[in-house]
Protein chains: 2
Amino acid sequence: MTASRTARERARTELTREIVEAARRRLATEGAAGLSLRAVARDLGMVSSAIYRYFPSRDELLTVLIVDGYNALGTAAETSESDETDYAGRWLALGHAVRDWAVAHPQEYALLHGSPVPGYRAPQDTVVPAMRAIQVYGRLVSEAHRAGAAGTPVGFPDPLGLLAADAERVRQVMPGTPDGLVLRAVGVWTALFGWIGFELSGQFEGTLLERRAAFDHHLHCQATLLGLPAGAT
Amino acid sequence: MTASRTARERARTELTREIVEAARRRLATEGAAGLSLRAVARDLGMVSSAIYRYFPSRDELLTVLIVDGYNALGTAAETSESDETDYAGRWLALGHAVRDWAVAHPQEYALLHGSPVPGYRAPQDTVVPAMRAIQVYGRLVSEAHRAGAAGTPVGFPDPLGLLAADAERVRQVMPGTPDGLVLRAVGVWTALFGWIGFELSGQFEGTLLERRAAFDHHLHCQATLLGLPAGAT
DNA sequence: GCAAATCGAGAGCACTGCTCTTGACTTGAG
DNA sequence: CTCAAGTCAAGAGCAGTGCTCTCGATTTGC
């Protein structure tokens with residue numbers, strides 16, 4: 001019951017939310033490195049020390065932004081799914097959903113998949129939201145395999161037994177899939193983010209101009225590694 | 001002739017080099033965000049304002065580190081090549097060389113392929129060194145295609161004519177290759193860096209433990225997209 | 001009604017990038 | 001050799017940062 005809360009409690013949750021929103025606005029324009037607590041405080045008309053009543057440190061505020069980012073990306077991934085049985089289509093939709101969100105929120109995306117800071121250790125709060133996107137992917141791969149739509153193309157190297165334990169751990173997000181598919185799926189997943197990283201860091205500037213079409217082709221090519229039928233593009 | 005230079009000139013080039021080396025040491029431990037001009041000056045026993053006699057700003061010093069990083073990565077890529085005609089082997093060697101360098105110099109790698117800072121625009125000095133690694137790759141793809149070793153596997157989507165102009169631009173680094181191979185090669189290149197990014201940002205922590213073997217398998221799988229023969233792994 | 005908890009404001013500390021001035025030194029031309 | 005011009009390190013100083021502490025004012029719950 002929000003009505004039973006005291007005025008002070010309501011004001012606190014409200015101001016906490018406002019701080020996060022102001023921080024997110026600053027993050028979008030200045031980037032993570034330029035996000036200043038004092039600037040956020042100025043935007044809200046308060047003094048910098050007042051922020052510390054709500055967040056114990058700048059890192060904690062950044063962590064909240066990271067969790068929000070993972071959740072936003074996870075929601076985008078979860079709502080991307082199209083026709084249940086069109087596994088190639090689901091892969092394309094998922095890939096485009098991730099890229100669309102990244103292009104729309106480059107600084108937040110950089111916060112999630114950017115350069116790691118030596119001292120920074122990801123708090124426990126971030127791991128669950130961080131899993132949402134890859135779980136959508138794992139479900140897709142798992143279901144495609146169960147439906148026989150993710151056939152193993154010939155000419156693929158079988159992973160060494162050395163990787164069996166690693167594959168077993170990854171299989172938690174894509175149950176029932178064989179080692180080869182599991183490991184290929186990990187590689188395809190990194191290929192998705194590798195492309196987005198190139199695009200966001202401007203490495204395609206002046207070279208690849210038809211970004212969406214080129215990315216779509218990239219998704220089609222990577223889909224063949226999963227054995228998903230590659231449509232025309 | 002270095003002997004003809006005055007003592008002041010020799011001292012200047014020497015101290016410039018020492019500043020860069022001290023900055024690189026700090027970069028390795030503190031990361032790019034924590035690289036402080038004053039700390040570098042303290043390491044060298046000088047006062048912070050003296051640094052500005054050698055580098056007009058912190059960004060300029062970072063740019064020198066970036067150029068050095070691209071050159072080191074480029075050298076690693078160029079010296080990786082093995083048997084001329086074993087194109088799959090050359091691809092594996094190139095991939096491992098890039099990853100080995102990245103793992104050995106994570107902070108420098110993050111400087112090259114990390115989160116872009118909103119305001120920062122890559123100076124012209126960086127573009128030529130930045131091309132060295134991908135030119136090794138382009139030469140490999142081009143020669144493999146010319147030798148008939150990079151056959152186009154069936155079941156691949158042909159890129160739309162929309163991407164012809166983009167492919168033409170990329171073809172500058174891999175002459176003589178058809179549009180489909182060019183675009184697939186770009187995707188494979190990003191897949192290489194995508195994997196490294198995952199590994200360096202700790203996303204494989206506790207999951208993929210056999211890093212080198214898993215990466216090797218990733219390289220084998222991506223090689224099939226280029227039509228290179230996939231050996232056993 | 002009142003003690004306790006909570007809050008915003010402000011001063012202050014140590015740090016940062018960067019600028020400016022000052023005095024000592026080196027250089028190259030006369 | 002002389003000496004003006006150029007170059008240098010050092011220090012003070014400015015504006016900004018994250019963060020801590022204190023001090024009143026307000027709100028809470030007993």
Check your understanding: Going by number, which of residues 11-30 of chain A have a non-hydrogen atom under 4.0 Å from DNA chain D?
Key -> none

Kindly give the atom pairs (protein nitrogen or oxygen, nucleotide nitrogen or oxygen) under 3.5 Å for nucleotides 26-30 of chain C.
from, atom 1, to, atom 2, distance (Å)
C:dT26, O4', B:Arg8, NH2, 3.2
C:dT27, OP1, B:Ala7, N, 3.2
C:dT27, OP1, B:Arg8, N, 3.2

Check your understanding: Would you call A:Arg10-A:Glu14 a salt bridge at under 4.0 Å N-O?
Key -> no

Point to revise | Salt-bridge contact B:Glu9-B:Arg12 (side-chain N to carboxylate O under 4.0 Å) | key: no

Between [atom2] of [N] and [atom1] of [X], the distance in whole Å:
X	N	atom1	atom2	value
B:Leu61	C:dT16	CG	P	14 Å
A:Leu44	C:dG8	CG	P	11 Å
A:Met46	C:dG10	CE	C1'	15 Å

Please write out each protein N/O paired with an N/O of nucleotides 16-18 of chain D under 3.5 Å, distance rounded to 0.1 Å.
from, atom 1, to, atom 2, distance (Å)
D:dT17, OP1, A:Ser36, OG, 2.9
D:dT17, OP1, A:Arg42, NH2, 3.3
D:dT17, OP2, A:Arg42, NH1, 3.3
D:dG18, OP1, A:Leu37, N, 2.6
D:dG18, OP2, A:Leu37, N, 3.1
D:dG18, OP2, A:Arg38, N, 3.2
D:dG18, N7, A:Arg38, NH1, 2.4
D:dG18, O6, A:Arg38, NH1, 3.0

**Study point:** Side-chain donor/acceptor of B:Tyr137 to backbone N/O of B:Ala185, under 3.5 Å
**Key:** yes

Side-chain touch [X]/[Y], heavy atoms, less than 4.5 angstrom:
X	Y	value
A:Thr207	B:Gln172	no
A:Glu30	A:Leu35	no
B:Val20	B:Arg24	yes

Study note, to complete from the structure: Heavy-atom nearest nucleotide on DNA chain C taken for B:Arg53 and for A:Ser49; more 5' hit belongs to A:Ser49

Check your understanding: Does the pair B:Asp216 and B:His96 meet the rule for a side chain to side chain contact (heavy atoms under 4.5 Å, CB included), with working shown?
Key -> CA-CA 8 Å; B:Asp216 195 72; B:His96 278 292; 2.6 Å; yes

Practice item. Hey, can you tell me if B:Phe215 and B:Trp195 have their rings parallel, tilted or perpendicular (30° and 60° cut-offs)? Key: tilted

Review point. Does A:Tyr54 put a side-chain nitrogen or oxygen below 4.0 Å from OP1 or OP2 of C:dC7?
Key: no

Exercise for review: Please list, chain by chain and in numerical order, all residues satisfying ring pair (Phe, Tyr, Trp, His ring centres under 6.0 Å) with B:Phe55, sequence neighbours excluded.
Suggested key: none

Name every donor-acceptor pair, under 3.5 Å, that has one atom in a side chain of residues 37-44 of chain A and the other anywhere in the protein, sequence neighbours excluded.
from, atom 1, to, atom 2, distance (Å)
A:Asp43, OD1, A:Arg26, NH2, 3.2
A:Asp43, OD2, A:Arg26, NE, 2.7

Point to revise | For A:Arg132, side-chain hydrogen bond (donor to acceptor under 3.5 Å, both in side chains) partners two or more places apart | key: A:Asn71, A:Thr75, A:Glu78

